[in-house]
Structures are given as C-alpha cells and as structure tokens.
Amino acid sequence: MSTYSPSEIEAKWQAAWSEADVFKAVRSIAKPKYYVLEMFPYPSGRIHMGHVRNYTMGDVIARYKIATGHNVLHPMGWDAFGMPAENAAMASGGHPKDWTYQNIADMKAQMQPLGLSIDWSREFATCDPEYYGQQQALFIDFLAKGLIYRKKAVVNWDPIDMTVLANEQVIDGKGWRSGAEVERRELVQWFFKISDYSEELLTAIDSLDNWPAKVKLMQSNWIGKSRGLQFSFGLVDGPAGHDRVEVYTTRPDTLMGASFVGISPDHPLAKELERTNPALAAFCDECRKGGTTAAEVEKADKKGYDTGLTVRHPFDTSWELPVYIANFILMDYGTGAIFGCPAHDPRDFEFATKYGLPIIATFLPDADANPELTEAFVPLKSEKVTYVKGFAGAPDQTGEDAVDAAVDFCEANGVGHGVTKFRLRDWGLSRQRYWGCPIPIVHCDDCGAVPEAKENLPIELPYDVTFDVPGNPLDRHPTWRNCACPSCGKPAMRETDTMDTFVDSSWYYARFTSPHAATPTDLDDAAYWMNVDQYIGGIEHAILHLLYSRFFARAMNMTGHLPDSAVEPFNALFTQGMVTHAIYQSTGANGRPVYYYPEAVALRDDKAFLISDGSEVEIVPSAKMSKSKNNVVDPDDILAKFGADTARWFVLSDSPPERDVEWTASGAEATFKHISRVHRIATEVAAMGGAPGQGDDELLRAMHKAIEDVTSGVESFGFNAAIAKLYGFTATLAKSKAGGAAKREAMCVLAQLMSPMTPHLSEEIWTMLGGQGLVVNAPWPVADPKMLILDTVTMPIQINGKRRSEIAVAADMPKDEVEKLVLGLDIVVAALNGAAPKKLIVVPGRIVNIVI
RNA sequence: GGCCGUGUGGUGGAAUGGUAGACACGAGGGAUUCAAAAUCCCUUGCUUUAACGGGCGUGCCGGUUCGAGUCCGGCCACGGCUACCA
C-alpha cells in the first residue's frame with residue numbers, strides 16, 4: 001500500500017493539467033462565462049501566507065465554477081511599478097527593472113507549486129511596455145475627452161532626495177528616508193477629473209448588491225456628499241480686490257448664531273494680508289508647519305489670529321463680525337472660510353471660549369431650556385428642537401427641515417444659494433519618479449503641452465539610468481527628454497513625470513480580457529468576459545483602488561474601450577482576512593522585547609520555552625505576520641514539509657474567510673494527518689470488491705447530504721463550514737461497513753467535493769478509483785433530493801422552553817399524532833400532574849414545546 | 001470626535017427565532033506495540049450529585065416571544081476605518 005507523498009503527486013498532476021491545457025480561457029458561447037479575479041500582487045520577491053489564502057479562495061471558486069459547467073477566466077499578473085524597486089536600486093545599486101523582473105520570476109516560481117487554476121498565457125506585468133504603452137493610449141484618449149487636466153497643486157517636497165513624498169512618507173514633518181524638513185511646493189501636475197463622476201459613483205453604489213456593506217459605506221463616506229448654503233459676507237474696509245468673504249455651511253439654520261468668520265491660513269485674503277503684516281504672516285507659517293498626523297491634530301489647540309477686519313451679517317448690515325485666521329480651517333474643503341457658530345459646533349465653541357467671543361444659541365432642546373450653554377449643543381439633524389433665533393420654518397422643527405427652510409429663505413432673499421458639495425477631490429496622477437508609466441506628453445515652446453502621437457507609443461522608460469544622484473533620473477537624461485513636437489515637429493522636451501501606480505491597477509482587470517491586443521482592450525473580448533464576476537482581495541483597498549477602478553471603467557466606456565455593460569466592473573467583491581501567527585517574545589536586558597522564531601521555541605501545556613536554554617517566553621496570539629516580529633511562516637517551508645493541498649486546506653479551514661486566520665504548527669500538522677488519512681482510506685476502498693455491505697443506503701444518504709452541504713458552503717463563501725462537513729463525511733465513510741460499490745461511489749464524490757481545496761489529492765484518488773479523465777473536468781455532483789429526505793426525525797421536547805426529553809417519530813407524522821404521543825410521555829404526564837397544558841406547540845420536524 | 005464592526009468553552013470557531021458549543025486545535029484516558037512512531041477508540045462548558053439527575057451558562061441590564069446567541073431598547077469592553085470636511 002502506497003503512502004501519501006504530496007511532492008510526487010502534486011508535481012504529477014500539475015504536469016497533467018498543463019499537458020491538457022485545462023485552464024486556458026477561450027471565448028465560447030457554449031457555456032456561461034465566469035471571471036474570477038484575485039487582486040494581483042506587488043512583486044516583492046517572496047509570497048507569504050496571505051497570498052496563499054487569497055489565491056486559494058479564488059482557486060476554490062474557479063475550480064467549482066469549472067465543475068459546474070462555466071467557461072472560467074482566472075488570470076494572474078503583477079502590479080510591478082512602484083517605489084520599492086527604486087529604493088532597492090538606491091540601496092544596492094541594481095536596476096529597478098532587473099530587480100522587478102527577477103522578483104516576478106522568483107514569486108511565480110513560488111506560486112506554481114500551489115497548483116492554482118490560472119491561465120498563465122494571459123500573464124503580464126504593469127511594467128511591460130506592451131501594457132503601459134496601452135495605458136499611455138488611454139491617457140491620450142482621456143485627455144481628448146476632458147477627463148484629464150493640469151493645475152498647480154501643493155506637494156510634499158523632500159529637498160535632499162529631491163523628490164515628492166506621499167503623505168504617509170512624511171513622518172513628523174520630515175522625509176522618511178532623508179530625514180530632511182519637508183517643504184510644501186507648488187508644482188503643475190496632471191489630474192483625473194474623477195469629481196465629474198462624484199454623484200454617479202455615489203448613487204451607483206446602491207447597485208453593488210454583492211459588495212460588502214462595509215466597503216460601500218466607506219466609499220460613500222469618502223465621496224462625502226453634503227448639501228448646504230454658499231453665500232458671502234461683505235467685508236468692511238478690506239484690502240483692494242477683497243470686498244467679500246465667501247463661505248459654505250451645512251447649517252444655514254444657525255446663521256443667527258454667528259459670532260465670527262474664520263478663514264484658512266491659505267485663503268487668498270490671508271495671503272494678501274501676509275504681505276503687509278509680518279506678525280500675521282508668522283502665524284500663518286506656524287499653522288502650515290503644524291503636523292498632520294492624527295495624534296498631532298488631536299492635541300493641537302484651536303488657534304486664531306484676529307485680522308482686525310470685520311464683515312457685515314447678511315441679515316443685518318449693522319451687525320459686524322470679526323474675521324480670524326484659524327488653524328483648523330482647511331483651504332481645500334468648501335471655500336476655505338466658515339462662519340463660526342459656537343453654540344452648535346464643538347470646534348467653534350472651543351475657539352469662542354478661548355477668544356472671548358459670544359455664544360448665541362439659535363435652538364434649544366425645548367422652550368424651557370437654559371440658553372446659557374456650557375458646551376456646544378449638537379443634536380442629530382433628525383431630532384426636533386425649538387428655535388429661539390430661527391428665521392425660516394416652524395419654531396419647532398427638525399434640523400433637516402430647518403436647513404431646507406433656511407436655504408429656501410436665503411435664496412428668496414438673495415443671500416447665496418443652495419449647493420451640493422463632495423469631499424471627493426480630483427485624482428492627482430503625476431509622480432516625480434522613474435519607475436512608473438511615463439506620461440505621454442511633450443512640452444513644446446510653441447504648442448504647449450501636447451499629447452504624444454499614438455504611433456510613437458509606447459514611450460518606453462530608458463534603461464541607462466543611475467540612482468547615485470538624488471532626484472528623478474528622467475530629468476537628467478537628455479537623449480530621452482529631447483524629442484520632436486508631435487504637433488509642429490520642432491525640438492521639444494518630454495514630460496518627465498510618471499503616473500501614480502494606482503493608475504496601473506485601475507484597468508488591469510479589463511486588459512486581462514485581451515492581454516495581447518494592439519489596443520487597450522478588444523471590445524468583443526471585453527463584452528464577452530466583463531464584468532469580473534467575483535473579485536477577491538484585501539479590505540485595505542476598500543477605498544482608493546476600488547473607487548479608481550470604478551472611475552476608470554466609466555472613463556474607458558466614455559472613450560470607447562469598454563462596453564456600457566462594464567461601467568461597474570466588479571459584480572461581486574469579497575474581502576478576505578489576514579493570516580496571523582503567534583509572537584514569541586521575552587524582555588531583553590534593555591527593557592525592549594526580544595522576538596524568537598517559532599522554530600526556536602518548544603510548546604508544552606500552552607506554554608512556550610526556548611529550545612536553547614529552556615527558559616519560558618511570552619506568547620502573544622494572533623498577530624499580523626511581520627518580519628520584524630519573527631512570526632512569519634514561509635510558504636516554501638510549508639509546501640516542502642506538507643505539500644500544497646495541506647497548505648490550501650488549512651488556510652481555509654479554521655476561520656471564516658473574511659476573518660483573520662491564525663496559523664498554528666499543530667493545526668497544519670493535523671491537516672496533513674487528515675489529508676494523509678483520506679489518501680489511506682482511498683487506497684483501502686480501491687482494494688475492495690464490489691459486493692454490497694451493511695448500511696450502503698445510509699452511506700449514500702450521508703453522501704448526498706455532504707454534496708448539499710459542501711455545495712452551499714462553497715457557493716456562500718463558507719469554506720470553513722464546507723470543510724467541517726467534509727471532516728464529518730470522511731469520518732462517516734471511514735466507519736461505514738458498506739460494501740465496495742457504495743464506498744467507491746462515496747469516495748469518488750468525496751474526492752470531487754474536496755477537489756476545489758485539494759485538487760492534487762483529488763486527482764490521485766479519482767484515478768485510483770478508476771474515474772474517467774481528470775477530476776478537474778468532471779461535472780460537480782448533484783444531490784438527489786430523494787436521498788435527503790429522512791424517514792424518522794428526532795424531536796426535542798421542551799417544557800416551558802427547557803429541553804426535557806426527545807422522541808423519534810416518522811418524518812411525515814401528522815401534528816395531532818405527535819401531540820398525542822408527546823402527551824403520553826412519562827415525563828410530560830409527571831410534569832402536568834393531571835392538569836391540561838396551557839399551550840402545546842409542535843413545529844413539524846423541529847421541536848415540541850409544552851407550556852404548563 | 002464621526003462612522004462601522006465584534007463580544008459564545010483552555011483556543012480558532014458552528015448554530016433559516018427551535019436540542020448552544022458542529023468541526024478543528026489543545027488537554028486527559030485507553031487500545032495496539034518488546035518499546036516507540038504511526039494508527040484507532042473514549043472523555044473534555046462550568047457546577048452539584050455515589051449515581052440517576054439537577055442548577056447555571058453565548059459581555060452587562062431590560063423588553064418582545066410558547067421559545068432569544070439570533071429580534072428590539074439601553075449600557076460596557078475591544079477592534080477597524082476615517083478625521084479639525086464647516
């Protein structure tokens with residue numbers, strides 16, 4: 001009898017799949033199509049358990065859909081541009097391109113042994129010129145349709161590295177790499193006009209039925225629609241050109257509670273005043289330097305600077321309000337100016353208290369409430385309140401009604417107009433970096449910024465660059481920069497900025513439908529394969545990547561690259577949890593934690609001891625895998641030790657897929673034992689004759705129940721539940737005294753039900769038992785409804801809601817007969833003690849409850 | 001601060017309003033073995049009882065219901081996202 005040897009059988013069956021080319025996706029009207037996609041990885045060089053879990057989930061879906069008669073597209077690629085490649089080049093002197101392609105080769109080599117059902121013929125990396133050249137074509141088409149424009153924008157500039165930094169690369173106001181004080185610089189940059197689609201992207205969220213509610217909510221909040229009033233205060237004796245201050249408010253109903261006007265330090269009026277007032281300029285400078293981290297904002301005091309100017313209240317021109325420059329007002333939201341209503345805004349309250357400004361309540365909880373407030377009164381807008389300084393609508397009304405009434409009143413009286421604002425801002429795509437998709441623009445002295453001619457695409461990144469000098473190497477590469485103007489032919493210069501890497505990932509799903517087309521997409525292929533039926537990835541992409549992709553699909557539709565049916569590209573989204581692992585740590589001599597590798601630790605009685613000296617160390621459970629904490633489990637090691645089927649099964653078995661799963665060595669070993677056991681049972685079954693045995697029918701009934709349970713588990717992403725049922729069915733099969741024929745049938749079905757999770761083992765068993773062809777091509781088993789009906793059922797008997805007994809009855813026994821039977825039970829007779837039951841509830845096939 | 005989510009054995013976790021704790025880990029006991037490995041079997045929420053059995057039990061308090069882990073209201077704790085968004 002052969003023993004289970006994953007290394008042999010996994011290589012064998014991967015070769016067989018490859019030989020039969022079973023995962024190649026070909027358009028066909030013979031079957032319904034199904035497109036399953038996992039978020040493609042950044043080629044860091046090593047895969048981790050999180051990847052294994054992500055791709056296994058996608059693979060289970062893909063293999064299940066193949067078995068249920070679908071034409072499946074399951075591609076894989078690489079999100080290959082980005083800063084780590086440049087950082088590596090700077091650190092070790094290599095080239096980003098070489099580094100990236102080497103990493104891709106390494107990661108692919110690690111992924112192949114997992115036995116994923118991927119159509120590798122569609123593989124691409126976003127740093128392939130064939131891909132980013134098409135992205136440049138998209139850029140040119142978007143530009144022509146007005147979906148891209150240029151404007152000045154403030155960036156974080158690192159003066160030592162001579163580069164722009166993302167917000168998260170600025171730590172305490174200093175560059176994360178150089179440590180230099182970061183400057184705010186205005187650069188002319190390219191923007192996608194995603195704000196054109198704010199309303200559309202928001203309302204379409206409702207149609208995303210198979211997206212997690214959480215992700216939809218996060219996107220709604222991010223788009224941030226608000227309804228309010230925009231109006232202006234007349235400025236008294238303002239500097240030349242400044243006679244009004246425009247403000248935006250979502251609470252125009254509190255206009256009579258105004259006590260000051262606040263403007264951002266970046267507001268044009270503030271900038272004007274800075275020119276003549278050094279103290280004021282110093283204050284604004286101070287505000288701009290203020291940290292942007294959450295903790296700093298939390299701590300930061302409300303600070304203001306009295307400009308000495310005043311404005312007139314729109315309802316009463318004799319009522320003047322002071323104008324402050326305040327550190328808490330943002331220039332890029334609304335108009336960069338507010339009116340302060342301390343009674344109904346906690347920030348304004350803090351500010352007014354500090355600077356001795358009046359606090360005027362405009363509404364109160366009820367007519368008798370004390371108008372002297374000790375803190376801002378901010379009820380829900382849906383709550384009814386009593387207006388003591390209202391000017392529109394009923395005296396008692398909800399905030400919502402009052403806002404509507406106030407907007408109507410103001411519009412009727414020529415004080416501003418109602419406006420809808422969105423928090424979502426246009427997407428700046430310029431990056432002053434080498435390792436990204438070049439922006440296909442040429443700057444010509446005569447013609448200005450001109451798009452490159454499409455026949456000149458791709459504009460390839462030059463290879464001969466170095467990173468020993470700070471700054472973008474494209475800037476100092478004359479032969480690459482210098483070119484002819486595509487419009488007039490005169491000497492001109494290329495744009496040296498490259499695109500944000502989020503652009504690369506915003507349309508790769510569409511490119512997979514025709515990865516080698518000479519245009520960004522092939523419309524016939526896109527129409528056939530789109531949308532992605534099931535998208536799987538991490539929750540960390542809930543906002544940016546998914547929102548950008550939704551925008552891109554619309555923009556591609558507008559420019560003729562995607563059909564109307566594909567504007568919402570992902571029909572269903574699933575966000576999976578992480579793989580975690582315990583940390584083993586002790587406290588070092590300096591008081592800092594010291595971390596130990598799992599291999600250095602022995603576990604006994606839920607305690608951990610160092611193998612080296614036997615001393616006990618602390619166990620911190622369920623921590624995100626992190627190299628610095630020494631709690632990373634390398635998939636290579638696991639595959640070498642147990643094989644892919646064990647790894648795949650384990651990452652799905654212990655937790656629901658949307659939640660984190662804890663990797664434990666004991667759990668992985670137990671999985672391996674189980675898989676080995678299934679293999680052993682199969683070899684035993686294969687050796688049996690075909691004679692009937694005891695309980696053939698029972699085994700087959702259990703088999704049909706397993707088909708039903710596992711199928712519904714896989715359909716609903718309940719992989720852990722499906723696996724639990726497979727454990728149960730395996731135990732039933734192992735214990736069964738059924739004959740060879742029934743066992744063989746049950747074993748074949750078990751192999752099929754396991755095949756999405758353990759495809760190699762399933763092929764092995766399938767062949768061992770004489771199955772036809774490959775199990776990957778075998779149709780998914782269907783449960784026979786007749787075999788699911790039970791003859792007898794066990795019903796619990798409750799007395800006053802507490803379980804006291806149970807009876808076994810025929811499944812189709814009428815209700816009144818069940819009642820009779822129950823009332824005759826000793827325990828019931830004793831409980832009733834001669835009295836009649838107050839109530840008798842019989843739920844057929846479920847439960848009986850007697851109320852006494 | 002805002003929004004969202006989650007609280008069930010020693011652990012990960014199951015339970016269309018209908019027997020709470022499936023399945024797995026861990027732990028304990030046994031069989032097999034010269035011995036071990038491997039394998040197989042049994043026990044395992046807490047508590048009380050010699051036993052049969054009983055009591056308690058899904059973060060806390062209350063409500064709806066014949067019946068609540070599940071539904072409703074109010075608290076507490078933890079986690080996530082977002083943030084001076086006017």
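In what follows, every chain begins at residue 1, and chains take the letters A, B, ... in the order their sequences are listed.
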Just list the side-chain donor-acceptor pairs under 3.5 Å for residues 724-734 of chain A, sequence neighbours left out, or say none.
residue	atom	partner	partner atom	Å
A:Y727	OH	A:W649	NE1	3.3
A:T730	OG1	A:L726	O	2.6
A:T732	OG1	A:G728	O	3.0

Identify every side-chain donor-acceptor pair in residues 213-231 of chain A under 3.5 Å, counting partners at least two apart or on other chains, and give the distances.
residue	atom	partner	partner atom	Å
A:K216	NZ	A:L208	O	2.9
A:Q219	OE1	A:R550	NH1	2.8
A:Q219	NE2	A:A542	O	3.0
A:S220	OG	A:K216	O	3.1
A:K225	NZ	A:E199	OE1	3.1
A:K225	NZ	A:E199	OE2	3.0
A:S226	OG	A:Y248	OH	2.8
A:S226	OG	A:Y333	OH	3.3
A:Q230	OE1	A:K421	NZ	3.2
A:Q230	NE2	A:E246	OE2	3.3

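Pair assignment for B:rC40 gives B:rG30, based on Watson-Crick or G-U wobble hydrogen-bonding distances that are each under 3.5 Å. Pair assignment for B:rA20: none, as no Watson-Crick or G-U wobble contacts are both less than 3.5 Å. In this structure B:rG7 sits in a base pair with B:rC76, meeting the Watson-Crick or G-U test at under 3.5 Å.
Comparing B:rC60 with B:rC76, their P atoms are spaced 15 Å from each other, to the whole Å. Remark: the separation of the C1' atoms in B:rG13 and B:rC23 is 9 Å, to the nearest Å. When the P atom is compared between B:rU70 and B:rG74, the two are found 16 Å apart, to the nearest whole Å. With both ends at atom P, the span from B:rU32 to B:rU48 equals 35 Å, rounded to whole Å. For the P atom pair drawn from B:rG63 and B:rG10, the interatomic distance equals 29 Å after rounding to whole Å. Taking atom P in both B:rA68 and B:rG17, one finds a spacing of 14 Å when rounded to whole Å. Comparing B:rG45 with B:rG26, their C1' atoms are spaced 15 Å from each other, to the whole Å.
For A:L217, whose side chain is taken as the heavy atoms from C-beta onward, the closest listed nucleotide among B:rC41, B:rC4, B:rC84 is B:rC4. Taking only side-chain atoms of A:K735, from C-beta outward, the nucleotide of B:rC41, B:rA83, B:rA14 with the closest atom is B:rC41. Of the candidate nucleotides B:rA86, B:rC56, B:rC66, B:rC56 has the atom lying nearest to any side-chain atom of A:K802. Across B:rC56, B:rC85, B:rC40, the shortest atom-to-atom separation from the side chain of A:R677 is found for B:rC40. In the set B:rC85, B:rC66, B:rA86, B:rA86 carries the atom at the smallest distance from any side-chain atom of A:T249. Residue A:V851 has its side chain nearest to B:rC66 when only B:rC25, B:rC66, B:rG55 are considered. For A:L330, the side-chain atoms get nearest to B:rA86 when compared with the rest of B:rG55, B:rA86, B:rA14. Side-chain atoms of A:N327 lie closest to B:rC84 of the nucleotides B:rC25, B:rC84, B:rU82. For A:K302, the side-chain atoms get nearest to B:rC84 when compared with the rest of B:rC85, B:rG13, B:rC84.
For A:E806, the salt bridge (Lys or Arg N to Asp or Glu O under 4.0 Å) partners are A:R803, not counting sequence neighbours. A:K705 pairs by the salt bridge (Lys or Arg N to Asp or Glu O under 4.0 Å) definition with A:D709, not counting sequence neighbours. In this structure, the side chain to side chain contact (heavy atoms under 4.5 Å, CB included) partners of A:K839, at least two apart in sequence or on a different chain, are A:I841, A:V851. Every residue two or more places apart in sequence or in another chain was checked for a salt bridge (Lys or Arg N to Asp or Glu O under 4.0 Å) with A:R677, and none qualifies. For A:L357, the side chain to side chain contact (heavy atoms under 4.5 Å, CB included) partners are A:S259, A:F260, A:P322, A:Y324, A:F351, A:A352, A:Y355, not counting sequence neighbours. Qualifying side chain to side chain contact (heavy atoms under 4.5 Å, CB included) partners for A:R659, counting only residues two or more places apart in sequence or in other chains: A:P656. In this view, A:D404 satisfies the salt bridge (Lys or Arg N to Asp or Glu O under 4.0 Å) rule with no residue, not counting sequence neighbours.
Under 3.5 Å, the side chain of A:K421 and the base of B:rC85 form no donor-acceptor pair of N or O atoms.
For the pair A:I681 CD1 and B:rC40 P, the computed distance is 8 Å after rounding to whole Å.
Of the residues in residues 711-729 of chain A, those lying under 4.0 Å from RNA chain B by heavy-atom distance are A:N720, A:A724, A:Y727.
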Output a table of nitrogen or oxygen pairs between the protein and nucleotides 78-81 of chain B separated by less than 3.5 Å.
none

Distances under 3.5 Å only, N/O to N/O: pair up the protein atoms with those of nucleotides 19-21 of chain B.
residue	atom	partner	partner atom	Å
B:rU19	O2	A:R803	NE	2.8
B:rU19	O2	A:R803	NH2	3.4

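Between A:R347 and B:rC85 there is a side-chain polar atom (N or O) within less than 4.0 angstrom of OP1 or OP2.
Between the side chain of A:H679 and the main chain of A:L761, no donor-acceptor pair closer than 3.5 Å is present. Put simply, the side chain of A:R347 never gets that close to the backbone of A:K302: no donor and acceptor are under 3.5 Å apart.
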Note to self: Using the rule given for side-chain contact (heavy atoms from CB on, under 4.5 Å), can you reason through A:F339 versus A:V245, listing the C-alpha separation, both sets of side-chain angles and the distance that settles it, and then say yes or no?
What the structure shows: CA-CA 10 Å; A:F339 78 80; A:V245 179; over 6 Å; no
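Glycosidic conformation at B:rG9 (O4'-C1'-N9-C4 for purines, O4'-C1'-N1-C2 for pyrimidines): syn, within 90° of 0.
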